[in-house]
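Quick caveat: nothing in here was measured; it's all calculated off a predicted structure. Chain naming here is simple, since letters A, B, ... match the order of the sequence lines and numbering starts at 1 in each.
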2 protein chains.
Amino acid sequence: MGETTIDDIAKEAGVSKATVSRVINNSSSVAPDTREKIQAIIDKRHYSPSAVARGLSKRTSSTIGVVVPEVDNPFFGEILRGVTEIIDRNNLSLICCNSDDDSKKDYKALEMLKENRVRGLLYTPATDYSDKKQKKRLEKLLNEIDTPVVLLDRKIGLDFDGVYFDDRQGIYDATQALIKGGHTKIGIINGTLDRVLARIRQDGYLEALRDAGIEPEERYMFFGDFRMGTSYKLSSQLLSMEDRPTAVLTCNNRTSMGFFKALFERGESMPKDIVCIGLDRIEALELFQTDFVYIKRDAFKMGRKAMELLISRMAFPDKPISSIILDAPLSREDAESLKRFKK
Amino acid sequence: MGETTIDDIAKEAGVSKATVSRVINNSSSVAPDTREKIQAIIDKRHYSPSAVARGLSKRTSSTIGVVVPEVDNPFFGEILRGVTEIIDRNNLSLICCNSDDDSKKDYKALEMLKENRVRGLLYTPATDYSDKKQKKRLEKLLNEIDTPVVLLDRKIGLDFDGVYFDDRQGIYDATQALIKGGHTKIGIINGTLDRVLARIRQDGYLEALRDAGIEPEERYMFFGDFRMGTSYKLSSQLLSMEDRPTAVLTCNNRTSMGFFKALFERGESMPKDIVCIGLDRIEALELFQTDFVYIKRDAFKMGRKAMELLISRMAFPDKPISSIILDAPLSREDAESLKRFKK
DNA sequence: CTGAAAGCGCTTACAG
DNA sequence: CTGAAAGCGCTTACAG
């Protein structure tokens with residue numbers, strides 16, 4: 001029988017579809033009794049207007065696009081939960097893309113979102129697009145989408161709104177806490193420095209060392225790719241060094257996992273044999289490793305903030321570009337906990 | 001300047017928009033040189049046709065709807081990764097909804113998907129809709145959406161395609177493995193039995209006990225809600241029983257977490273003090289609890305299979321309804337591992 | 001308060 | 001091989 005359309009309703013009610021449209025949208029005034037009659041028919045037939053027809057007609061859509069690099073990483077899962085909460089509250093809908101940290105898929109997702117004429121875009125770039133040509137191309141594409149965009153978690157030096165964590169400060173504080181605990185040989189398992197995420201973290205680490213008058217040692221710095229397997233290998237190397245660090249920073253949740261795997265495999269434990277501060281919570285780890293201190297990033301909040309920023313941008317297209325920086329504090333800052341860092 | 005439309009391209013090329021449409025869609029033949037000319041203009045202007053206008057015109061869309069109860073649960077994260085993989089491969093797009101296991105949000109999501117005239121629907125019901133009236137209402141809504149639907153992970157007794165895990169068999173096997181290890185007092189931390197997910201698991205448990213001639217003991221059965229906090233409480237109760245079980249089944253990943261939290265808090269360990277088989281992997285747990293045996297469900301595969309089933313349903317609307325049952329084997333079945341279950 | 005008409009950006013028979 | 005025209009299901013000035 002096909003979907004019921006506004007025409008069907010209009011006919012059954014004996015009015016024009018303009019009038020039906022008015023009651024649907026509660027726009028200009030409609031005589032109370034015709035409104036009721038129309039509403040009754042709508043209810044009876046469970047009619048709901050086509051969002052796509054409406055979108056075309058109004059030249060605007062109510063769908064938001066989001067692209068994340070790893071849907072199955074709890075960090076992004078939390079972000080998505082935050083995003084969907086605000087989406088729901090505003091009667092929007094969400095087209096969700098997974099880029100798998102692959103720039104090809106990233107482009108493809110963006111193209112798709114462009115075709116879908118999304119009303120706004122939440123975007124976590126798959127890579128840094130540090131190559132100038134690539135960046136130009138990305139910028140062009142983003143502009144073609146011609147809709148507000150809010151960057152998520154990863155800066156790429158383009159002029160868009162964004163929500164980020166203060167990872168630099170987080171790592172700085174962590175490093176400092178370790179130093180205060182008496183450590184001077186502090187290792188770091190990071191990503192390669194051509195990724196801005198890694199550079200920022202490295203900066204926090206180096207700065208804290210220098211501020212404490214400690215000369216950074218290159219052999220204590222390990223650069224991988226934020227994946228567990230790589231971190232596992234690097235951590236094994238680190239742990240078997242002759243003159244190894246007494247404390248280690250692991251720069252994301254996957255990296256921490258790799259580190260602990262390597263550590264436990266050696267029959268060592270924390271903080272007895274070595275101390276570690278990680279970036280991001282690892283829930284299951286807390287079951288037994290109750291004194292794991294980590295840099296706490298509230299991804300749920302990031303999702304909410306980003307979506308709110310997007311909505312505000314949609315409302316005020318001309319307001320100045322803004323970046324929201326969320327803090328990334330240590331999960332514990334009480335003296336009690338920090339004492340455990342003592343060498 | 002507004003988005004470029006098919007009209008702009010047509011004018012610049014000096015042809016009708018019908019012809020432009022033909023080159024975009026590669027439909028009927030177009031003279032090679034006009035095709036090239038048009039394509040050049042399209043490329044130059046980075047034109048891509050509006051999916052919404054096309055959808056309206058073709059009376060069909062290329063977007064799929066998905067509703068999951070917890071975006072931030074790794075289990076559903078994996079499912080989404082599987083889904084997006086097939087989505088990408090078929091040039092579809094995904095509208096993603098999070099129901100938070102709340103039937104109000106569930107309805108709302110479905111309504112929204114209906115308005116968006118999705119081409120197909122992957123649906124994990126928030127609740128069982130076991131109330132007859134509720135179920136009728138849900139069925140009606142699902143039918144109004146008037147599009148193929150594939151149920152994910154949760155059966156609700158409606159006549160749709162679906163992909164499920166064989167949890168009953170999984171729990172059966174787990175129970176049997178414990179029995180073979182000499183256990184007769186086997187506890188279970190399950191969800192309330194008005195949820196079909198819990199009933200199925202309970203069935204597997206009871207059946208295995210009976211098949212072994214063991215009389216099920218009510219006091220060893222605990223019914224919560226599949227959340228960690230609840231499981232923690234129930235597990236604490238179980239662990240402090242006078243005549244407590246020597247082995248326990250935990251019926252999802254959150255439940256296992258709650259169990260281990262309670263266990264470790266008591267300073268007990270596994271398998272020394274008690275044995276546990278869980279449902280679903282807990283990656284971080286493997287860092288130290290390397291002998292945790294669990295019922296393995298490949299959520300990534302479930303996502304892929306479900307999306308493939310949906311596509312095949314879209315292609316063959318009249319084929320008979322089918323359910324795909326994915327197996328849920330023990331993570332280890334070697335004698336070596338199972339030996340650890342020995343009482 | 002209400003309707004006729006134009007328009008949103010496409011596709012697709014139908015002619016030629 | 002190509003174009004004019006109708007239509008997809010809505011919304012929105014414009015009249016009345």
Peer 1: Which residues pass the side chain to side chain donor-acceptor pair (under 3.5 Å) test with B/Asn25, not counting sequence neighbours?
Peer 2: B/Ser21, B/Arg54

Peer 1: So which of residues 32-44 of chain A are in contact with DNA chain C, with a heavy-atom cut-off of under 4.0 Å?
Peer 2: A/Thr34

Peer 1: Please give the stem ranges for DNA chain C, sorted by first residue number, where a stem is three or more consecutive Watson-Crick or G-U pairs and both donor-acceptor distances are under 3.5 Å.
Peer 2: C:1-3 with D:14-16, C:5-12 with D:5-12, C:14-16 with D:1-3

Peer 1: Under the salt bridge (Lys or Arg N to Asp or Glu O under 4.0 Å) definition, can you give me all pairs with a residue in residues 115-131 of chain B, not counting sequence neighbours?
Peer 2: A/Glu3-B/Arg117, B/Asp128-B/Arg195

Peer 1: Listed by chain and number, what are the side chain to side chain donor-acceptor pair (under 3.5 Å) partners of A/Tyr47, not counting sequence neighbours?
Peer 2: none

Peer 1: By the salt bridge (Lys or Arg N to Asp or Glu O under 4.0 Å) test, which pairs, at least two apart or in different chains, include something from residues 59-75 of chain B?
Peer 2: A/Arg81-B/Asp72

Peer 1: Scan the side chains in residues 307-314 of chain A for donor-acceptor partners under 3.5 Å anywhere in the protein, sequence neighbours excluded, and list what turns up.
Peer 2:
residue	atom	partner	partner atom	Å
A/Ser312	OG	A/Lys319	NZ	2.4
A/Arg313	NE	A/Asp161	OD2	2.6
A/Arg313	NH1	A/Phe316	O	3.4
A/Arg313	NH1	A/Pro317	O	3.0
A/Arg313	NH1	A/Lys319	O	2.7
A/Arg313	NH2	A/Asp161	OD1	3.0
A/Arg313	NH2	A/Asp161	OD2	3.1
A/Arg313	NH2	A/Lys319	O	3.2
A/Arg313	NH2	A/Pro320	O	3.2

Peer 1: Listed by chain and number, what are the side chain to side chain donor-acceptor pair (under 3.5 Å) partners of B/Asn116, not counting sequence neighbours?
Peer 2: none

Peer 1: For the pair A/Lys108 and A/Glu111, find out whether any cationic side-chain nitrogen is under 4.0 Å from an anionic carboxylate oxygen.
Peer 2: no

Peer 1: What is the nucleic acid contact for B/Val15, judged by heavy atoms within less than 4.0 Å: base, sugar-phosphate only, or nothing?
Peer 2: sugar-phosphate

Peer 1: How many whole angstroms separate atom CG of A/Asn116 from atom P of C/dC8?
Peer 2: 20 Å

Peer 1: Report all side-chain donor-acceptor pairs from residues 38-45 of chain A shorter than 3.5 Å, counting only partners two or more places apart or in another chain.
Peer 2:
residue	atom	partner	partner atom	Å
A/Gln39	NE2	A/Asp43	OD1	3.0
A/Lys44	NZ	A/Glu12	OE2	2.5
A/Arg45	NH1	A/Glu12	OE1	2.8

Peer 1: Which residues pass the side chain to side chain donor-acceptor pair (under 3.5 Å) test with B/Lys17, not counting sequence neighbours?
Peer 2: none

Peer 1: Mark up nucleotides 10-16 of chain C, 5' to 3', with B wherever a protein heavy atom is under 4.0 angstrom from a base atom, S wherever such an atom reaches only the sugar-phosphate, and - elsewhere.
Peer 2: BBBB---

Peer 1: Could you list the residues that satisfy side-chain contact (heavy atoms from CB on, under 4.5 Å) with A/Lys140, not counting sequence neighbours?
Peer 2: A/Glu144, B/His46

